[in-house]
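Quick caveat, the model's predicted, so the values are computed rather than measured. Order of the sequence lines sets the chain letters (A, B, ...), proteins ahead of strands, with each chain counted from 1.
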Amino acid sequence: MRGAKLLQYLILGAILVVVPLVVHSGYVMQILIMLAIYGILVLGLEIILGQTGLFSLAQAAFYGMGAYTSALLALRLGWPIWLATIGAMATSALFGAAIGFPVLRLRGDYLAIATLGFGEIFQLITNNWNSLTRGPMGLPGIPRPHVFGIMFDRTMYYYMIVAIFFIALITAFHLCRSFLGRTFRSIRDDEDAAEFMGINITKYKILSFVIGGIFAGLAGSLFAHYITFISPDTFTYTDSEMLLAMVFLGGAGTVIGPVIGAVILTLLPEVFQFLVQWDMFVIGVIMVLVMIYRPQGIWTSDIRWPWSRKDPALAAQGK
Amino acid sequence: MFLQQLVNGLMLGSVYALIALGYTMVYGVMKFINFAHGDVYMWGAFFGLLLARYTGPHFLVILPLVMLLTGLLGAAVEKVAYRPLRKAPRLVVTTSAIGMSIVLSNLALLLIGSETFPLPAMLPVRVFHIGNALINTTQILVLGTALLLMAILYWFINRSRYGKAIRAASEDRETAGLMGISMDQVSSVVFFVGSAMAGAAGLLVGIYYDAVYSTMGFTAGIKAFTAAIIGGIGSIPGAMIGGLLLGVVENFGASVMSNYTDGIAFAVMILVLLFKPGGLFNAYIYQKRV
């Protein structure tokens, strides 16, 4: 079983390595890179929303904060990019803690609306603080990474970002299986019971926001140094809604589910080109339908494929 | 100057109050934040625009029609997106509401467009002087209509049969159900009335700013929600007073820092949630839950 799983990952990895050698399409590479960035971003939201059950509508703001921090550190202070990325992760984590600390006393939809307010304040600041962010004109000319004087082209960036995505995925997997993941889920499932068991709710909720912020900051930094231009309208409330839809469609509470959701919703407008402006509308419809018919999302941990071996417990019952 | 700001603030606030009533009534009965409410308000403005184009700019004809249409829209939204989730966890319903909000706002964008549309003038503009403040006929129309509608709603909630059912349902849903109140009916009525109020607000704002556009629902929705929590969510007089208060605060704040006008509401919202989550009227609904 474990060998088969490893084989699956190896096959997937091999495909991802071979793709740029076979497909010489900038368009496909662009989509794959954006998929990896969104993948990291939804992993962060999965930890906040799926594992800890905190309804955050600020993930796009954390993402934007990472992008802006990284871009500004590289542009204004001339920091090397890997250092700017760490700076971006630290800033997003810090702001995760900063909003987490006061806001986390709120529950459920109150938290949703407070984080939404936070996201809007981020929008207002990036749009109006012209001397720092150049407002709606955005920040152009963000440097691409380079090694030994060679600038990263799209293919090199692709390999780098796929590697980072897999590191993020494995980190998220291990995190969710660790003590931390169990603590997060206990808070999600019953906050009062978790508190009775001696879990410091506030501490772990903030930690959840910090970890989610780190993922978002990383994704933001990768985005900024790939696209080389950022402006406030990439990090709006609509983007937060989209991330939310990815997590819920894929399956909140699983690690791989949200990534699948991200793949589906990123590919949707690309595959159905005729949808052009209808993509957000379709996402809205999907959100409502998923909530009504399959609130656990398409990927759940107890999913049984036709080819997967029978569950021993079920086999014992003769089913 | 002070008086002028106060007049403008009260006028804007009365509109926030109208929208806030929908949030607070829905929260009272169904205990979730109807994220799609702001978009129903936007549709109110669009219905007003369409009606004004095809039936002529007669305010007294348009207002009831807009309220009827948005009311039906709200009731339909409830039936499609929330009724199947009556027994689901609250976050599931909230997510469904966010999905519905995306659907409604994008539908307007796709069907009507992303431009800003002017509304035909509904009444001749005359300007009156009160002391050193100016107030024009449009402002009087907006403030007057909003106050009148709130008075009617107040009567409806406190004196009518349905109002009684709504109050009973927001106090204790299960017991109200046992007493023979149909939750389906109450939900439909709540959504109809709340959405009709929001639709009227959309029309009034459209008339006042002479502008209707597809993204107007988002900010207005958040501000009205802020108004609802200032007053204490679930409390109807709270929503009215919270709305007026927020309008005044925002207008005075805007005269100090005009770039961050919208930020004032968000900041107020976060502060209220942190320090007085029950709001001014210390809504018992919130206390019961937390």
Side-chain angles (χ1 to χ4, degrees), chain A residues 49 53-55 57 99 101-125 127-130 135 188 191 236-238 240-242 244-245 247-249 252 276-293 295-296, chain B residues 27 31-36 39 77 80-85 88-107 109-110 114 215 218-219 221-222 225-226 229 233 257-275 277 286 289-290:
Chain A
L49 173 67
L54 301 168
F55 208 109
L57 284 170
I99 71 155
F101 198 64
V103 160
L104 289 183
R105 293 191 312 175
L106 307 166
R107 286 185 184 187
D109 39 12
Y110 271 80
L111 180 67
I113 208 123
T115 50
L116 191 162
F118 172 76
E120 284 310 298
I121 289 170
F122 171 76
Q123 275 289 314
L124 281 169
I125 290 173
N127 266 313
N128 289 304
W129 193 351
N130 287 326
R188 176 193 68 189
E191 210 173 308
T236 58
Y237 169 62
T238 314
S240 282
E241 285 178 328
M242 180 121 117
L244 204 66
V247 171
F248 277 116
L249 172 66
V276 218
Q277 293 163 336
W278 288 80
D279 53 348
M280 259 336 262
F281 176 80
V282 173
I283 285 174
V285 173
I286 290 177
M287 265 172 106
V288 175
L289 291 180
V290 166
M291 284 304 113
I292 294 174
Y293 294 108
Q296 71 272 43
Chain B
Y27 202 93
K31 311 284 182 290
F32 79 99
I33 299 169
N34 179 16
F35 272 83
D39 302 286
V77 165
V80 172
Y82 309 143
R83 188 163 298 179
L85 298 172
R90 278 154 26 108
L91 286 191
V92 170
V93 193
T94 309
T95 312
S96 183
I98 292 176
M100 212 57 221
S101 147
I102 301 176
V103 167
L104 287 180
S105 61
N106 281 280
L107 206 58
L109 189 69
L110 293 162
S114 56
T215 51
F218 177 67
T219 338
I222 298 297
F225 179 76
T226 308
I229 58 166
I233 195 145
M257 38 182 201
S258 56
N259 273 352
Y260 290 93
T261 317
D262 291 341
I264 296 168
F266 300 129
V268 168
M269 176 179 80
I270 292 177
L271 289 177
V272 175
L273 282 177
L274 289 182
F275 295 110
Y286 187 83
R289 199 163 55 82
V290 173

- One should read off an interatomic distance between L91(B) CG and F55(A) CZ, to the nearest 0.5 angstrom, of 6.0 Å
- Please determine which of I33(B), I98(B), I222(B) meets the side-chain contact (heavy atoms from CB on, under 4.5 Å) test together with L116(A). I222(B)
- Item | Shortest non-hydrogen contact between A81(B) and V288(A), atoms and distance | CB-CG1, 3.9 Å
- Message: Under 4.5 Å from any heavy atom of chain B, what part of L124(A) do you find: side chain, backbone, both or neither?
- Response: both
- Item | Residue part contacting chain B, namely of I113(A), when any heavy atom lies under 4.5 Å | both
- Taking all non-hydrogen atoms of both residues, which atom of S101(B) and which atom of E241(A) are closest, and how far apart? OG-OE2, 4.3 Å
- Message: Looking at chain A, which one of L104(B), T94(B), V92(B) has the largest number of heavy-atom pairs inside 4.5 Å, strictly under?
- Response: V92(B)
- Task: Might you point out which heavy atoms bring I102(B) and M280(A) nearest each other, and give the distance in Å?
- Result: CG2-O, 3.2 Å
- Item | L107(B), part contacting chain A, at a heavy-atom distance under 4.5 Å | both
- Task: Determine the interplanar angle of the Y110(A) and F225(B) rings, folded into 0 to 90°, and report it as parallel if under 30°, tilted if 30 to 60°, perpendicular if over 60°.
- Result: perpendicular
- Message: Please find the pair of heavy atoms, one from M291(A) and one from S96(B), that lie closest to each other, and give the distance.
- Response: CG-N, 3.8 Å
- Note on the structure: Between A112(A) and F35(B), the two heavy atoms sitting closest are CB-CZ, 4.3 Å
- With a 4.5 Å heavy-atom cut-off, do L109(B) and F281(A) have their side chains touching? no
- Note on the structure: If one checks every heavy atom of M269(B) against chain A at 4.5 Å, the contacting part turns out to be side chain
- Nearest atoms (heavy-atom pairs only) where I270(B) meets I121(A): CD1-CD1, 4.2 Å
- Query: Can you say whether V80(B) sits under 4.5 Å from chain A via the side chain, the backbone, both, or neither, judging by heavy atoms?
  - Reply: backbone
